[in-house]
Amino acid sequence: MPELPEVETVRRGLHKLIIGRSIASAISDNPGSFPNAQAQIDAFLIGSRVTDVRRRAKVLMIDLSTDYSLVVHLKMTGQLVFRGETDFGAGHPTDSLIGELPDRSTHVTITFTDGTHLFFNDQRKFGWMKLLPTAEVGDLPFMRRVGPEPLEDDFTLRQFIDRFSRRPRTSIKAALLDQTVIAGVGNIYADESLWGAHIHPKRLVQTITDDEFAALYREVREVMNLSIEKGGSTAKNYVNAEGKRGSYMDFARVFRREGQECPRCGTTIVKFKAAGRGTHICPICQQL
DNA sequence: CACTTGACCTGTCCGC
DNA sequence: TGCGGACAGGTCAAGT
């Protein structure tokens, strides 16, 4: 699922819902989803209190009073859903994609001392949750290599261009998806921002002009900010911390809209493969 | 070294 | 209806 806007939406939800709660128990049915040893879980998770919920790139960090953090990557189909005691059972809102929890894709269940729950669901099991000392999160190989946060106020066009210049001979779409160039862009927002900037995804980075970089910089930020405003994109099974869908797909201009009209020029949107991913463009607005 | 492809899993959809 | 294959929001390791 989740790219930067979806992970940020989950972060905001969890920030509101779980800070201050203390963890009573944690159970997992799949070692790949939560690989920590039981002794470590008992020592640093059970009995701890949630102090903060942060995000870096597409990674969530749930900070604990033990100076450990639960580091979570949702990958393609991960969900982190909070359920209060009174939500148990029937009566879920219609904008929810999921019913009673746990269900068959629940791989970790965390129970707080007040009887509320946090469920880690993941249909494809690519995602993971790891408990490690908060001070060591930055030492993870991914964290060391990941690029700057594109939505930060101090992230400049100059930085944007400099980061892409590291990969001159790859396609602009592959570079956008490369988390070491800039953080947080995935397949949806790569297609959306390239359309906004009138750039064909297969253009090589070294052929992109400064004006085009300026347009792309603006689009990446606008598109992802708009998506956060809309609660992210639910293309398939993304849900926020309350189990509800995001509505950005209603505003998407090309992503998963093959066969429909380009909102700018009316040309039929086409889909093909680029950078190994399904890719959507307007063949008139975006030319090689 | 730089870049691309396959693998990790499960579910769904589409064509035969 | 059943079955095989392609495809799905991400990232790494292995391959070229």
Side-chain angles (χ1 to χ4, degrees), chain A residues 1-10 28-35 55-60 71-80 97-98 103-108 120-130 140-147 163-194 201-207 220 223-224 227-228 230-240 245-252 254-259 271-280:
Chain A
M1 77 176 197
E3 308 179 27
L4 187 154
E6 289 73 34
V7 180
E8 176 61 18
T9 301
V10 172
S28 171
D29 72 338
N30 178 41
S33 299
F34 190 18
R55 177 189 61 77
R56 173 78 171 99
K58 300 172 189 171
V59 177
L60 280 168
V71 183
V72 187
H73 201 308
L74 301 171
K75 293 287 182 84
M76 300 282 259
T77 55
Q79 305 171 325
L80 270 181
L97 271 179
I98 49 182
D103 64 22
R104 66 178 159 168
S105 69
T106 300
H107 299 302
V108 184
F120 178 47
N121 276 20
D122 189 9
Q123 180 180 103
R124 290 173 73 178
K125 299 183 183 170
F126 291 170
W128 45 258
M129 164 179 293
K130 289 172 189 161
L140 291 172
F142 176 87
M143 291 297 192
R144 301 189 78 93
R145 297 171 41 223
V146 71
R163 300 295 298 183
F164 279 89
S165 312
R166 297 150 46 107
R167 311 289 306 281
R169 300 181 56 81
T170 195
S171 70
I172 188 66
K173 176 153 180 176
L176 268 173
L177 294 173
D178 183 344
Q179 300 298 295
T180 71
V181 176
I182 58 169
V185 179
N187 206 34
I188 298 174
Y189 304 109
D191 282 6
E192 290 292 296
S193 55
L194 286 167
K202 290 191 172 177
R203 293 266 307 280
L204 294 191
V205 171
Q206 62 187 358
T207 71
V220 164
V223 158
M224 292 207 293
S227 183
I228 291 170
K230 301 301 176 190
S233 296
T234 299
K236 188 151 176 78
N237 59 14
Y238 162 73
V239 293
N240 68 15
R245 336 169 38 107
S247 68
Y248 178 83
M249 287 304 287
D250 297 342
F251 301 84
V254 287
F255 190 78
R256 295 213 179 163
R257 293 193 182 277
E258 63 271 29
K271 180 178 180 182
F272 55 91
K273 192 152 283 213
R277 315 293 300 276
T279 298
H280 313 74

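Sequence lines set the chain letters: A, B, ... in the order given, protein chains first and strands last, and positions in each chain run from 1. On a predicted model such as this, the values are computed, not experimentally measured, just so you know. Atom set for the values below is all heavy atoms of this structure, side chains included, hydrogens, waters and symmetry mates excluded.
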For this session: Look up atom NZ in K173(A) and atom CG in L176(A), then write down how far apart they are to the nearest 0.5 Å.
Result: 9.0 Å
Exercise. Nearest to the side chain of A174(A) - dT4(B), dC8(B), dT11(C)?
Worked result: dT4(B)
Exercise. What integer number of Å spans the P atoms of dC9(B) and dC3(C)?
Worked result: 24 Å
Exercise. Phosphate oxygens OP1/OP2 of dG10(C): is one of them under 4.0 Å from a side-chain N or O of H73(A)?
Worked result: no
Exercise. How would you label the contact of G186(A) with the nucleic acid (heavy atoms, under 4.0 Å): base, sugar-phosphate, or nothing?
Worked result: sugar-phosphate
Problem set entry | Whole angstrom value for the distance that separates P of dG10(C) from CG of D178(A) | 13 Å
Exercise. So, is K271(A) near the phosphate of dA8(C), with a side-chain N or O under 4.0 Å from OP1 or OP2?
Worked result: yes
Problem set entry | Spacing of K173(A) atom NZ relative to dC3(B) atom P, expressed in whole Å | 18 Å
Exercise. Any side-chain N or O of R169(A) less than 4.0 Å from the OP1 or OP2 oxygen of dC1(B)?
Worked result: no
For this session: Mind checking G278(A) for me? I need base, sugar-phosphate or nothing, with any heavy atom below 4.0 Å counting as a touch.
Result: sugar-phosphate
Exercise. With sugar-phosphate meaning primed atoms plus P, OP1 and OP2, does S233(A) contact a base, only sugar-phosphate, or nothing at under 4.0 Å between heavy atoms?
Worked result: base
Problem set entry | Sidechain-backbone polar pair: T9(A) side chain, P5(A) backbone, donor-acceptor under 3.5 Å | yes
Exercise. Using the P atom in both, what is the distance from dG5(C) to dG6(B), to the nearest Å?
Worked result: 16 Å
Exercise. Does R163(A) use its side chain to pair, donor to acceptor, with the backbone of V181(A) at less than 3.5 Å?
Worked result: yes
Exercise. So does R104(A) get a side-chain nitrogen or oxygen closer than 4.0 Å to the phosphate oxygens (OP1/OP2) of dG11(B)?
Worked result: yes
Exercise. Rounded to whole angstrom units, what separation is found between the CG atom of N121(A) and the P atom of dG11(B)?
Worked result: 12 Å
Exercise. What is the distance from atom CD1 of I188(A) to atom CZ of R277(A), rounded to the nearest 0.5 Å?
Worked result: 9.5 Å
Seminar exercise, completed: Taken to the nearest whole Å, CD1/I182(A) to P/dG10(C) is 13 Å
Exercise. At under 4.0 Å, does any side-chain N or O of Q123(A) touch on OP1 or OP2 of dC9(B)?
Worked result: no
For this session: Would you sort out whether H280(A) and D191(A) count as a side chain to side chain donor-acceptor pair (under 3.5 Å), showing the intermediate values?
Result: CA-CA 6 Å; H280(A) 313 74; D191(A) 282 6; 2.8 Å; yes
For this session: Please answer whether dT11(C) and F142(A) are stacked, defined here as ring centres separated by less than 5.5 Å and planes angled under 30°.
Result: no
Exercise. OP1 or OP2 of dG11(B) sitting under 4.0 Å from any side-chain N/O of R124(A)?
Worked result: no
For this session: Taking atom P in both dA6(C) and dT5(B), compute the distance separating them and give it to the nearest angstrom.
Result: 16 Å
For this session: Taking only the side-chain nitrogens and oxygens of K58(A), find out if one of them lies under 4.0 Å from OP1 or OP2 of dG10(C).
Result: yes
Exercise. Where each pair must be Watson-Crick or G-U wobble with both distances under 3.5 Å, what dot-bracket representation of DNA chain C is obtained, with crossing pairs in [ ] and other-strand partners as |?
Worked result: .|||||||.|||||||
For this session: To the nearest Å, give me how far apart CG (L74(A)) and P (dA8(C)) are.
Result: 20 Å
Exercise. Rounded to whole angstroms, how far apart are CD on E6(A) and C1' on dA8(C)?
Worked result: 14 Å
For this session: Please answer whether the main-chain N or O of V185(A) pairs with a side-chain N or O of K58(A) as donor and acceptor at a distance below 3.5 Å.
Result: yes
For this session: Determine the contact category for Y248(A): base if any of its heavy atoms lies under 4.0 Å from a base atom, sugar-phosphate if only primed atoms, P, OP1 or OP2 are that close, otherwise nothing.
Result: nothing
Problem set entry | Residue pair Y238(A), E3(A): steps toward the side chain to side chain donor-acceptor pair (under 3.5 Å) verdict | CA-CA 10 Å; Y238(A) 162 73; E3(A) 308 179 27; over 6 Å; no
Exercise. Starting at NZ of K125(A) and ending at P of dC9(B), how long is that distance when rounded to a whole Å?
Worked result: 8 Å
For this session: Provide, to the nearest angstrom, the distance between the CH2 atom belonging to W128(A) and the C1' atom belonging to dG10(C).
Result: 11 Å
Exercise. Does T77(A) make a side-chain N or O approach to OP1 or OP2 of dG11(B) shorter than 4.0 Å?
Worked result: no
Problem set entry | Nearest listed nucleotide, side chain of T170(A), among dA8(C), dT4(B), dG10(C) | dT4(B)
For this session: Report the relative orientation of the aromatic rings in W128(A) and H73(A); use parallel for angles under 30°, tilted for 30 to 60°, perpendicular for over 60°.
Result: tilted
Problem set entry | Backbone of A57(A) reached by a side-chain donor or acceptor of E8(A) within 3.5 Å | no
